[in-house]
Amino acid sequence: METLKDPKELEAVNRQTVIDNLNEVYNAVEKLIQRAYAKKESELNSRLRNIRTDVSQLLSDIRNKSIDGFSGKKGTLDDFYRTGEELLKDSYKMRDTFSSLTGSMEKIDIFLLEDLIDNFKKEYNNRIIVDQNILKEFRLKQMEAASAQRVMAGGNDLAVKKQTPIPDPKPWNERDKITSSFVISKESPGSSTPAFWTMPKNSKEADVKEDIETNVLSKIYNYMNVLENKYSTYQPEVSFAGEYIGNRKWKKKVSDKFISGSVVDSFLKPILTFETCWRPFDELRTVMQFVQNEASTVPEGKYKSICLLNFNWDEDIVEWAENYVHPRLILYLYDLKSDSIWFNEKIELAGKLKVWHNTDTYVTLQSELEALTEQDEGFNAADVMKVTGLNIEGANNYISEMLKSKTIIDLGFGTSRYKGMKK
């Protein structure tokens, strides 16, 4: 009888195997890039560099265990075993194909290599995550197997490894929470929704109405309506780190006192999240604890911008917010009474990202660059960086987007300068 494999242990082994195979793929791509460079095959070189970027991102994602709750799918134990095997097969196939090319002088089939990466991404996205249901099914199958073995052994008891029972997920009203007009909950380990996307649904806490004065409630609703219109019309184009993300998918969630928007990657995982919610805190300690809890939910390599609303913030809270620093979270305080927004102005790009929390109209990159594109002498990536806040890679990526849309033309002659198309 086939021995059942513990999903948690198997997941860890599979993860390490995939990481090892991807490391070999990365090293092989480096060698292929060097070969393409030596032969002056610029197009091949560029596409190999794109593959290297994809492999690097995959390695980063797979090493980061905190993404397990944000990607993958739910399924049965058999589904878990099946998709795990398929993922390993694809990783070995990818490793062997890339490695075979490093010692061969044959022409590189770049389309084949790109397909291998794409197929691996799909298998990675289709893998089954280990959640409470998977673990319970494993325990049941263990007991069934042990019972069958006892029958086959003539009723003799066989030693069965003692397992700690898996507790049922707590219902909404028993989960850890911060009681307020808006509830932040701790999701169960198998949840496919990041903690910082969570809004209470059909919970008693969500139905509690605060005693808010009519004029304050009116300001909250008007403010949220402005943000909702902005989030529906535009999307962020510059990331926390200055990358161009205007071509990424943009997801938003809205309620009467809460709005969030997230830029997601190809695996539908949030890379940059903006969240605004009504939080009339009046004690500094409470605000500090809340913000620290929020910061702890942001995974490595991802970023979040959060804005807390109040009708009149205390000076000590404002002073603390103006000095708050975290590597993955920017904090804003918005005062509905004075229509003011406070944040740490020393943080690079914080001033640029605040537009997703205040009532200002969003100015697109195309509009910001209009003066540059109309110059007769043209412009370059450095000029784009100065105007937009994009880093050099982001500036070049946005220039590529403008070239594709025929918004600008390349002046040529090796100058790397561009000019707007005549209307």
Side-chain angles (χ1 to χ4, degrees), residues 177-185 195-200 203-232 236 252-261 273-298 303-326 328-347 349-362:
K177 53 189 175 287
I178 300 174
T179 55
S180 172
S181 58
F182 175 69
V183 179
I184 302 292
S185 70
F196 48 89
W197 277 6
T198 306
M199 287 190 293
S203 67
K204 293 180 180 179
E205 290 81 11
D207 293 332
V208 175
K209 299 296 183 182
E210 285 184 300
D211 186 14
I212 303 177
E213 294 180 8
T214 303
N215 67 315
V216 177
L217 196 60
S218 174
K219 281 183 172 288
I220 295 173
Y221 290 164
N222 289 339
Y223 172 88
M224 287 297 178
N225 289 341
V226 170
L227 288 191
E228 183 178 359
N229 182 63
K230 189 187 303 185
Y231 281 35
S232 299
K252 57 186 179 297
K253 294 186 178 183
V254 183
S255 75
D256 57 351
K257 299 172 192 171
F258 171 90
I259 185 168
S260 76
T273 296
F274 298 92
E275 187 174 286
T276 303
C277 57
W278 170 248
R279 280 293 188 178
F281 291 123
D282 56 8
E283 292 184 2
L284 176 57
R285 182 181 292 273
T286 308
V287 178
M288 292 170 65
Q289 184 62 55
F290 175 81
V291 173
Q292 190 60 31
N293 289 342
E294 285 294 302
S296 67
T297 68
V298 188
Y303 303 95
K304 183 178 180 182
S305 169
I306 185 170
C307 181
L308 307 180
L309 298 183
N310 199 346
F311 189 67
N312 190 16
W313 285 108
D314 290 343
E315 289 184 8
D316 61 335
I317 296 177
V318 171
E319 183 180 356
W320 174 77
E322 289 180 326
N323 292 281
Y324 178 79
V325 178
H326 188 275
R328 299 182 301 281
L329 183 140
I330 295 180
L331 170 66
Y332 299 88
L333 299 180
Y334 196 92
D335 194 311
L336 291 168
K337 183 178 181 180
S338 61
D339 287 327
S340 302
I341 188 166
W342 293 287
F343 58 96
N344 189 340
E345 297 183 9
K346 296 177 183 177
I347 298 176
L349 279 181
K352 192 83 174 178
L353 299 181
K354 72 176 180 181
V355 69
W356 299 103
H357 299 296
N358 64 16
T359 56
D360 293 348
T361 302
Y362 177 70

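Note that the structure is predicted; figures quoted are calculated from it, not measured.
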For Lys252, all residues meeting salt bridge (charged side-chain N to carboxylate O under 4.0 Å, His left out), sequence neighbours excluded: none
Step-by-step side-chain contact (heavy atoms from CB on, under 4.5 Å) determination, Arg279 to Phe258: CA-CA 10 Å; Arg279 280 293 188 178; Phe258 171 90; over 6 Å; no
Roughly how far, to the nearest 0.5 Å, is the [atom2] atom of [Y] from the [atom1] atom of [X]?
X      : Y      : atom1 : atom2 : result
Trp278 : Cys307 : CH2   : SG    : 11.5 Å
Glu345 : Asn323 : CD    : CG    : 10.5 Å
Ile220 : Cys277 : CD1   : SG    : 11.0 Å
Leu217 : Lys257 : CG    : NZ    : 6.5 Å
Phe274 : Lys304 : CZ    : NZ    : 12.0 Å
Lys219 : Asp335 : NZ    : CG    : 9.5 Å

Backbone of [Y] reached by a side-chain donor or acceptor of [X] within 3.5 Å:
X      : Y      : result
Asn344 : Val325 : no
Asn310 : Phe281 : yes
Asn229 : Asn225 : no
Tyr332 : Ala350 : yes

4.5 Å side-chain heavy-atom contact, [X] and [Y]:
X      : Y      : value
Glu294 : Leu308 : no
Leu329 : Ile306 : yes
Ile317 : Trp342 : no
Asp314 : Leu284 : no
Asp339 : Thr359 : no
Phe343 : Leu353 : no

Listed partners of Glu228 passing side-chain hydrogen bond (donor to acceptor under 3.5 Å, both in side chains), at least two apart: none
Parallel, tilted or perpendicular, as decided by the 30° and 60° cut-offs, for the rings of Tyr324 and Trp320: tilted
Ring geometry between Trp356 and Tyr231 (parallel below 30°, tilted from 30 to 60°, perpendicular above 60°): perpendicular
Sequence-distant partners of Asn358, side chain to side chain contact (heavy atoms under 4.5 Å, CB included), two or more places apart: Lys230, Tyr334, Ile341, Lys354, Val355, Asp360
Step-by-step side-chain contact (heavy atoms from CB on, under 4.5 Å) determination, Phe311 to Asn215: CA-CA 10 Å; Phe311 189 67; Asn215 67 315; 4.2 Å; yes
Gln292 atom CD: more than 12 heavy-atom contacts under 6.0 Å: no
Qualifying residue for side-chain contact (heavy atoms from CB on, under 4.5 Å) with Gln289, from Val291, Thr286, Asn293: Asn293
Nearest non-hydrogen partners of His357 and Ser305, listed with the distance: NE2-OG, 2.6 Å
Nearest atoms (heavy-atom pairs only) where His326 meets Arg328: ND1-N, 3.0 Å
